[in-house]
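Inspection log for the structure reproduced underneath, given as structure tokens.
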Amino acid sequence: MSKPLTIADLKTRARRRVPKMFFDYADSGAWTEGTYRANEEDFAKVKLRQRVLVDMTNRSLATTMVGQEASMPVALAPTGLCGMQHPDGEMLAAKAAEEFGVPFTLSTMSICSIEDVASVTSKPFWFQLYVMKDREFVANLIDRAKAAKCSALVLTLDLQILGQRHKDLRNGLSAPPKWTIHHGLQLATKPFWCMDMLRTKRRGFGNIVGHAKNVSDLSSLSSWTAEQFDPQLSWKDVAWIKERWGGKLILKGILDEEDARSAAETGADAIIVSNHGGRQLDGAMSSISMLSKIVDAVGDRIEVHFDGGIRSGQDVLKAVALGARGTYIGRPYLYGLGAMGKPGVTAALEIIRRELDITMALCGKRDIQAVDSSVLADVRF
Ligand SMILES: Cc1cc2nc3c(=O)[nH]c(=O)nc-3n(C[C@H](O)[C@H](O)[C@H](O)COP(=O)(O)O)c2cc1C
């Protein structure tokens with residue numbers, strides 16, 4: 001099989017290997033998927049300035065995100081059920097990220113647990129927290145992330161209730177899951193995935209089962225999950241979590257200047273301009289179209305990160321040019337993982353690094369930390 005050249009190549013391969021319900025879970029947005037599509041499409045509206053006859057030798061993509069070194073300004077975003085794209089997916093992705101020198105963020109709703117990921121990595125990873133109504137469970141999760149020496153907590157703010165994703169509902173990927181003959185057929189057409197999955201014991205929510213009260217099997221887990229996201233989450237809770245955690249704190253899911261100002265006041269270390277990859281409020285603005293407005297509002301007070309719609313290194317450069325200190329990729333690495341396991345995650349990172357490096361050079365820059373809006377042509381948001 002030829003080497004994948006683009007993230008789209010990885011997506012094609014993932015579609016072939018991963019059962020439809022789990023592939024769709026990654027490749028889906030809320031309702032009409034308008035915001036999901038806009039996240040990708042709006043990048044094409046940002047144009048680059050072609051420069052010539054500038055020295056392009058000795059280029060560097062290295063940077064820091066919340067003070068921690070990264071070989072390029074890209075981290076792996078937290079994604080739930082990552083271990084359903086590929087068995088032990090979170091452990092494989094974390095190892096790939098560690099070898100590549102970029103941060104890996106483990107989701108609360110992961111298949112492999114915090115302890116599983118810690119057992120296969122030697123450098124600290126980041127942990128993403130969903131705030132559940134059961135605050136004792138939340139406090140315990142924070143303590144487990146501390147014990148695993150996670151070096152940043154990513155607190156997700158944009159999922160107090162779950163957005164409606166039609167593909168998931170049609171596929172019966174809901175809480176509780178509705179198992180039908182279609183699932184059997186979907187699995188039957190993906191024998192390699194099934195054989196791999198039989199080799200692992202990790203098939204439930206590793207951070208929850210055995211830790212949350214009254215959750216022992218899949219059906220109690222499903223109802224617990226459905227009920228537990230806290231619709232009353234408030235800025236006061238952020239203060240409590242910040243204090244309990246005591247380390248680097250990143251607030252994820254900011255898409256509005258007013259919210260960005262409130263976030264900056266919390267004393268957190270960074271915000272992520274994000275609409276959850278178009279999976280929550282359909283009809284919201286694309287992430288990239290809001291980035292420079294939010295940077296203008298709070299960029300002098302708090303580090304601004306970005307995610308949503310990045311499918312190439314060019315997109316990373318555009319986000320950095322519009323003021324993001326760092327970016328995150330979700331689906332690009334999930335497609336790599338689904339397609340090929342750990343080498344697929346590495347392939348996704350390599351694709352993005354190569355594109356970022358070449359684009360930066362052709363825009364006349366040698367150091368990612370010197371990239372600013374001067375690399376952009378005048379057509380922009
Ligand atoms: C399959 C999938 C699962 C996700 N699960 C989570 C999650 O558990 N926690 C979270 O904060 N964000 C989650 N997200 C959102 C990502 O962290 C990130 O914001 C988004 O994927 C960025 O957009 P991109 O996929 O276009 O790169 C998920 C995204 C996807 C695609």
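Every number for a ligand or one of its atoms is a count from 1 in the order of the listing.
When heavy-atom distances to ligand 1 are checked against 4.0 Å, the residues falling inside are Y25, A26, A77, P78, T79, G80, S107, Q128, Y130, T156, K252, S274, H276, G277, R279, D307, G308, G309, R311, I329, G330, R331, P332, L334, ordered by chain and number.
The existence of a salt bridge linking R135 and D237 is confirmed by a sub-4.0 Å separation between a basic side-chain nitrogen and an acidic carboxylate oxygen. A salt bridge links K20 with D24: the closest approach of a Lys/Arg side-chain nitrogen to an acidic carboxylate oxygen falls below 4.0 angstrom. Ionic pairing of K45 and D42 is present here: one or more N-O contacts between side-chain nitrogen and carboxylate oxygen are shorter than 4.0 angstrom.
E90 contributes no side-chain N or O that, together with a main-chain N or O of V117, makes up a donor-acceptor pair within less than 3.5 Å.
Taking Ile, Leu, Val, Met, Phe, Trp and Tyr as hydrophobic and joining them when side-chain heavy atoms fall under 4.5 Å apart, one finds M65 in a cluster with V66, W126, V154, I250, I272, Y328.
Between F23 and W193, the distance separating the two ring centers is not shorter than 6.0 angstrom.
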